[in-house]
Protein chains: 2
Amino acid sequence: MEKLSEEKITEKAAKIIRAHGLKRTPQRLKILIYLMTHHNHPTAEMIFNDISLSDEKTGIATIYNTLNTFVDLGFVIEINNGNDGSTHYDFFAKPHFHVICTNCGRIADVEYTDFDKIETKMRQETEKQTGYITRSSHIKIYGLCPDCQKLENK
Amino acid sequence: MEKLSEEKITEKAAKIIRAHGLKRTPQRLKILIYLMTHHNHPTAEMIFNDISLSDEKTGIATIYNTLNTFVDLGFVIEINNGNDGSTHYDFFAKPHFHVICTNCGRIADVEYTDFDKIETKMRQETEKQTGYITRSSHIKIYGLCPDCQKLENK
DNA sequence: GTACATGCAAACCGTTTGCACTATC
DNA sequence: GATAGTGCAAACGGTTTGCATGTAC
């Protein structure tokens, strides 16, 4: 896993924000950096709590607004684990998909080397069958995480 | 597309309900038959409205309860299109995945012949990388439906 | 200076829950 | 007859919105 200095990651986040025509605000920077450095698939609430620990306050509405903006622009994705009613978010750097525990809702990443190839094929097939112009995809696998497997065997 | 008589489909729905250890109630039958005969990926609300046209009333709470039961048992799946805040449902007979229009939220089915093979591979890879025991998967493609493509070119 | 972003609180709305009633097996 | 399912209405909780204030460019 790449290890970037705080400066480097701020620079990188700022670049992403500017590249999408957004104004560089401390809130957006903080939220994006949070997503880039955490791989815990947080909810808006989790981000709110973690970020509120630092000096400046960020409103929950701003978190939601910002996340929606990021999702619309495509570099952050939404995940519904179906366990709690809330939406989880993930910075979408390298292609991967998600496994979700049907018992506790825990989300893990899976990096799959053939992902690109498969995705391309599926998108081609989709366009052929439906006439949609495809832009992106989202794959979720459901199962039981190691911890919940142990609990079940008790 | 298979065309079943009303009797046949009722029988089939009843069989599914009984096979999962559920009591056969008029409400469950009606909801399941609705899902089996409509491919419009309805929300709970849509089912409620359509079903309410017939004689017997079915409460919205019952719709939600029933849908959650069906989803837990695995023969109905949930889809969040990300456009409205509500959950859409789909009877999951033959393997397929979904395309969702990012503009209007319309959901379409894609039947993919190699789906099984790809799914198996992805699940194997998932189990290897994460230690999860996988049970099912859910693939969503995002894009622009034919109607919204036309609107955009105006 | 202007257009956009933030933040608070209130409103919103899809979904769940408590509880008395009813139907299934 | 026991157990499970239904339905109403009220509660819940995640998310959005209106609007006044603040900030990036």
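Lettering follows sequence order; numbering is per chain, from 1. In this text the structure is predicted, and so the values were computed from the model without any measurement.
- Using a 4.0 Å heavy-atom distance criterion, A:Thr62 is classed as a base contact.
- Using a 4.0 Å cut-off, no side-chain N or O of B:Thr58 falls inside it from OP1 or OP2 of D:dT6.
- Atom pair A:His20:NE2 and C:dC4:C1' shows a separation of 18 Å (rounding to whole Å applied).
- Here C:dT6 presents its P atom at 11 Å from NZ of A:Lys30, a figure rounded to the nearest Å.
- Between A:Phe97 and A:Tyr112, the ring-plane angle classifies as perpendicular under the 30° and 60° cut-offs.
- Of the candidates D:dC25, C:dG7, C:dA5, D:dC25 carries the atom nearest the A:Arg18 side chain, counting heavy atoms from C-beta on.
- Separating the CG atom of A:Asp72 from the P atom of C:dA5 is a distance of 13 Å, rounded to the nearest angstrom.
- The phosphate of D:dT15 (OP1 or OP2) has a side-chain N or O of A:Thr87 nearer than 4.0 angstrom.
- Considering only side-chain N and O atoms, A:Thr25 lies nowhere under 4.0 angstrom from the phosphate OP1 or OP2 of D:dA24.
- A:His98 and A:His88 have their aromatic ring centers separated by at least 6.0 angstrom.
- Using cut-offs of 30° and 60° for the angle between ring planes, the A:Phe91 and A:Phe75 rings count as perpendicular.
- Applying the 3.5 Å distance criterion, the base of D:dT3 shares a donor-acceptor pair with the side chain of B:Lys23.
- Between A:Tyr34 and A:His38, the ring planes are parallel. Angles under 30° get that label, and only those over 60° would be called perpendicular.
- Residue A:Arg28 places its side chain closer to C:dA5 than to any other of C:dA5, C:dG14, C:dT16.
- The 5' end of DNA chain C is approached more closely, in terms of each residue's nearest nucleotide, by B:Ile60 than by the other of B:Ile60 and B:Leu22.
- Among D:dG14, C:dT15, D:dA24, the nucleotide with an atom closest to any side-chain atom of B:Ala44 is C:dT15.
- Ranking C:dA9, D:dC8, D:dG14 by closeness to the B:Ala61 side chain, first place goes to D:dC8.
- The nearest whole Å value for the distance from the CD1 atom in A:Ile63 to the P atom in D:dT16 is 13 Å.
- Not one side-chain nitrogen or oxygen of A:Tyr64 sits closer than 4.0 Å to the OP1 or OP2 atom of D:dT16.
- The side chain of B:Gln27 places no N or O atom within less than 4.0 Å of a non-bridging phosphate oxygen (OP1 or OP2) of C:dA23.
- Side-chain N/O atoms of A:Asn65 include none lying less than 4.0 angstrom from OP1 or OP2 on C:dA5.
- Atom-to-atom, NE2 of B:His88 to P of C:dG14 comes out at 10 Å; the value is rounded to the nearest Å.
- Nucleotide D:dT16 holds its P atom 13 Å from the CD atom of A:Glu45, rounded to whole Å.
- Taking atom CD1 of residue B:Ile17 and atom P of nucleotide C:dC25, one finds them 10 Å apart after rounding to whole Å.
- Between B:Lys57 atom NZ and D:dA9 atom C1' there is a gap of 16 Å when expressed in whole angstrom units.
- Side-chain N/O atoms of B:Arg24 include none lying less than 4.0 angstrom from OP1 or OP2 on C:dC25.
- Taking the charged nitrogens against the carboxylate oxygens, A:Glu119 and A:Arg123 do have a contact shorter than 4.0 Å, which makes a salt bridge.
- Neither B:Ile139 nor B:Ile77 shares a network with the other; the hydrophobic side chains, linked directly or stepwise wherever heavy atoms of I, L, V, M, F, W or Y lie under 4.5 Å apart, form separate groups for each.
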